[in-house]
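Structure, as structure tokens:
The figures that follow rest on heavy atoms only: side chains count, while hydrogens, waters and symmetry mates do not.
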Amino acid sequence: MKTLKKLFVCIFTLTLILTSKGSLTLQAVAADVDETANIPFPPNLLEAGEDYIILAGDENLEYAISTDGINWVWQESSEFTGLEAGTTYQFIARHKKGRIVGEETPSAVSGFKTHLAFEGRIEGIEAGKTYETNTTLTAAAIGAGMDNDTPIHGDSRWVPRTWNWGNDDNLWQGPPYTTTFTLTQTGAYVLTVHFELEEYTSEGWMPTQKTDSINITFQAAAPIYTIAASAGAHGKITPTGTLDVEKGKTVVYTITPDKDYRLIKVVVDGTTVAFTDNKYTFTNVTKNHTIFVEFAKMAPKTNDAFHPVAYGMLVVFAFLLSIVTALWTKKTSDQFFR
């Protein structure tokens, strides 16, 4: 930029002077003009965003932008768009041509910075992961620019403001921006964090009321264990086969022998266990199990030893035996009295 200096411009002014002869003469008079009085003030910021900067405009001025302070691009508008987020730009202004003396001399340089593009992340939870129920998670929210420990005027950052797990928003009063939650129920969970853009000014970090949010989805499920059930010959166990069981659940097995058979043994995880009413119950399942049941033929009842046919033959035999006995007794008696 050219060094500003005071220039004296000779302006000829026509002045009527009454001479001693009573005639009018035209005389040129030189006047001093200070060019520096017409140089514009440095541009002021009106508004900034992620990809634009708007200066406080003046219709008599035009403006230039630069990233290195050497190469300048001029335009009549005070609005500059298509800029890079989080980047500092330099601006100058000058009077539009043909308007005023000293029009080619620009203002001093002003520097303004575009806002950081929104970027947020949640640490401590893995998106899409399935966690066990009753797991306690601690999530931390982090926004772009939060690692700026030495901010200067015009810096920006995205700060976590609120969070929720699908219910009402919870407000963070300040760092650390963490929350702890226990997954008491199975199913899908969504953690949402809302951020607000802050800008660093002479008064410190100030909110801009510009917001954005991110969310993360994950699952909670009870651990699944298996119980493998099988039965020996002459009976069954229900449910049979391999059964998936959630952690902490209870499963009742019913054992049914075939006709004329009875349950004689229940083996759980390789060990013979007691049973009641042909049932066995697993309570608060916390690991895999096996169950095997065994049956044996019932001993015949006493009344069952007499078959109907055999019983009939026995009755006939007894009847015939009584007749033979009676005849034999009569014959013996007759021979005695002869």
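- In this structure, Glu126 CD and Tyr131 OH are separated by 5.5 Å, a value rounded to the nearest 0.5 Å.
- Side-chain atoms of Asn170 come within 3.5 Å of backbone atoms of Asp168 as a donor-acceptor pair (strictly under, hydrogens ignored).
- Between the side chain of Asn288 and the backbone N or O of Tyr225 there is no donor-acceptor pair closer than 3.5 Å.
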Decide yes or no on side chain to side chain contact (heavy atoms under 4.5 Å, CB included) for Ile227 and Val251, but give the supporting numbers first. CA-CA 9 Å; Ile227 300 178; Val251 182; 4.3 Å; yes

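- Looking at Asn148, its side chain never comes within 3.5 Å of a backbone N or O of Gly145 through a donor-acceptor pair.
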Please walk me through it: do Ile214 and Phe195 pass side chain to side chain contact (heavy atoms under 4.5 Å, CB included)? CA-CA 8 Å; Ile214 59 172; Phe195 294 79; 3.7 Å; yes

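- In this structure, the side chains of Pro40 and Pro106 stay at 4.5 Å or more apart for every pair of heavy atoms.
- In this structure, Thr192 OG1 and Trp165 CH2 are separated by 10.0 Å, a value rounded to the nearest 0.5 Å.
- Side-chain contact between Leu61 and Arg94 is absent, with no heavy atoms from C-beta onward closer than 4.5 Å.
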Pair Asp68-Ser66, side-chain hydrogen bond (donor to acceptor under 3.5 Å, both in side chains): steps then yes or no: CA-CA 6 Å; Asp68 56 13; Ser66 175; 2.9 Å; yes

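- Follow the hydrophobic side-chain contacts under 4.5 Å out from Ile54 and you never reach Leu83; the two are in separate clusters.
- A distance-only check finds a donor-acceptor pair linking the side chain of Tyr189 to the backbone of Gln185 [under 3.5 Å].
- Using a 4.0 Å cut-off between a side-chain N of Lys or Arg and a carboxylate O of Asp or Glu, Arg121 and Glu123 qualify as a salt bridge.
- The side-chain heavy atoms of Thr67 and Gln90, taken from C-beta on, include no pair separated by under 4.5 Å.
- The 12-atom threshold is not exceeded at CD of Glu119, counting heavy atoms of other residues, nucleotides or ligands nearer than 6.0 Å.
- Neither Tyr89 nor Ile92 shares a network with the other; the hydrophobic side chains, linked directly or stepwise wherever heavy atoms of I, L, V, M, F, W or Y lie under 4.5 Å apart, form separate groups for each.
- The backbone N or O of Trp163 sits nowhere less than 3.5 Å from a side-chain atom of Trp172 that would complete a donor-acceptor pair.
- For Lys113 against Gly154, the heavy-atom pair with the smallest separation is CB-O, 3.9 Å.
- Under the 4.5 Å side-chain contact rule for hydrophobic residues, Leu55 and Val109 do not share a cluster.
- The shortest side-chain heavy-atom distance between Thr133 and Leu183 does not fall under the 4.5 Å cut-off.
- The distance from the CH2 atom of Trp205 to the OG atom of Ser156 is 6.5 Å, given to the nearest 0.5 Å.
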Using the side chain to side chain contact (heavy atoms under 4.5 Å, CB included) rule, take His115 and Glu199 through it: C-alpha gap first, then chi angles, then the decisive distance, then the call. CA-CA 8 Å; His115 292 160; Glu199 186 174 7; 3.5 Å; yes

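- No side-chain heavy atom of Arg157 sits under 4.5 Å from any side-chain heavy atom of Leu197.
- Val266 is not connected to Phe292 by any chain of hydrophobic side-chain contacts under 4.5 Å among Ile, Leu, Val, Met, Phe, Trp and Tyr, and they are in different clusters.
- A donor-acceptor contact under 3.5 angstrom links the side chains of Glu47 and Tyr52, judged on distance only.
- The aromatic ring centres of Phe80 and Phe91 sit less than 6.0 Å apart.
- One finds the CG atom of Leu137 at 8.0 Å from the OG1 atom of Thr182 (value rounded to the nearest 0.5 Å).
- Between Pro239 and Ala229, the shortest heavy-atom contact is O-CB, 3.6 Å.
- Between the CG atom of Asp277 and the CG atom of Leu263 there is a distance of 11.0 Å, given to the nearest 0.5 Å.
- At most 12 heavy atoms of other shown residues, nucleotides or ligands fall within 6.0 angstrom of atom CD in Glu84.
- The aromatic ring centroids of Tyr261 and His234 lie less than 6.0 Å from each other.
- Aromatic rings of Phe282 and His289 (six-membered ring for Trp) have centroids within the 6.0 Å cut-off, being under it.
- Hydrophobic clustering, with ILVMFWY side chains joined whenever heavy atoms are under 4.5 angstrom apart, groups Trp158 together with Met146.
- Checked by atom type and distance alone, the side chain of Asp269 pairs as donor or acceptor with a backbone atom of Thr290 at under 3.5 Å.
- Looking at Thr226 and Leu243, their side chains never come closer than 4.5 Å, going by heavy atoms from C-beta outward.
- Glu196 places a side-chain N or O within 3.5 Å of a backbone atom of Gln209 that can act as its donor or acceptor partner.
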Quick one: do Tyr280 and Val268 satisfy side chain to side chain contact (heavy atoms under 4.5 Å, CB included)? Show the steps, please. CA-CA 10 Å; Tyr280 185 81; Val268 174; 3.6 Å; yes

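- Contact check on Lys210 versus Glu198 returns no salt bridge, with no Lys/Arg side-chain nitrogen under 4.0 Å from an Asp/Glu carboxylate oxygen.
- Side-chain atoms of Thr186 never come within 3.5 Å of backbone atoms of Ala222 as a donor-acceptor pair (strictly under, hydrogens ignored).
- Of all heavy-atom pairs spanning Thr178 and Ala140, the tightest one is CG2-CB, 3.8 Å.
- No salt bridge links Lys96 with Glu62; every basic N to acidic carboxylate O contact stays at or beyond 4.0 Å.
- Looking only at side-chain heavy atoms (C-beta outward), Val193 and Asn215 stay at 4.5 Å or farther from each other.
- To the nearest 0.5 Å, atoms CD1 (Ile53) and OH (Tyr63) are separated by 14.0 Å.
- Within the structure, the side chain to side chain donor-acceptor pair (under 3.5 Å) test picks out the following pairs touching residues 236-259 (sequence neighbours left out): Thr254-Lys279.
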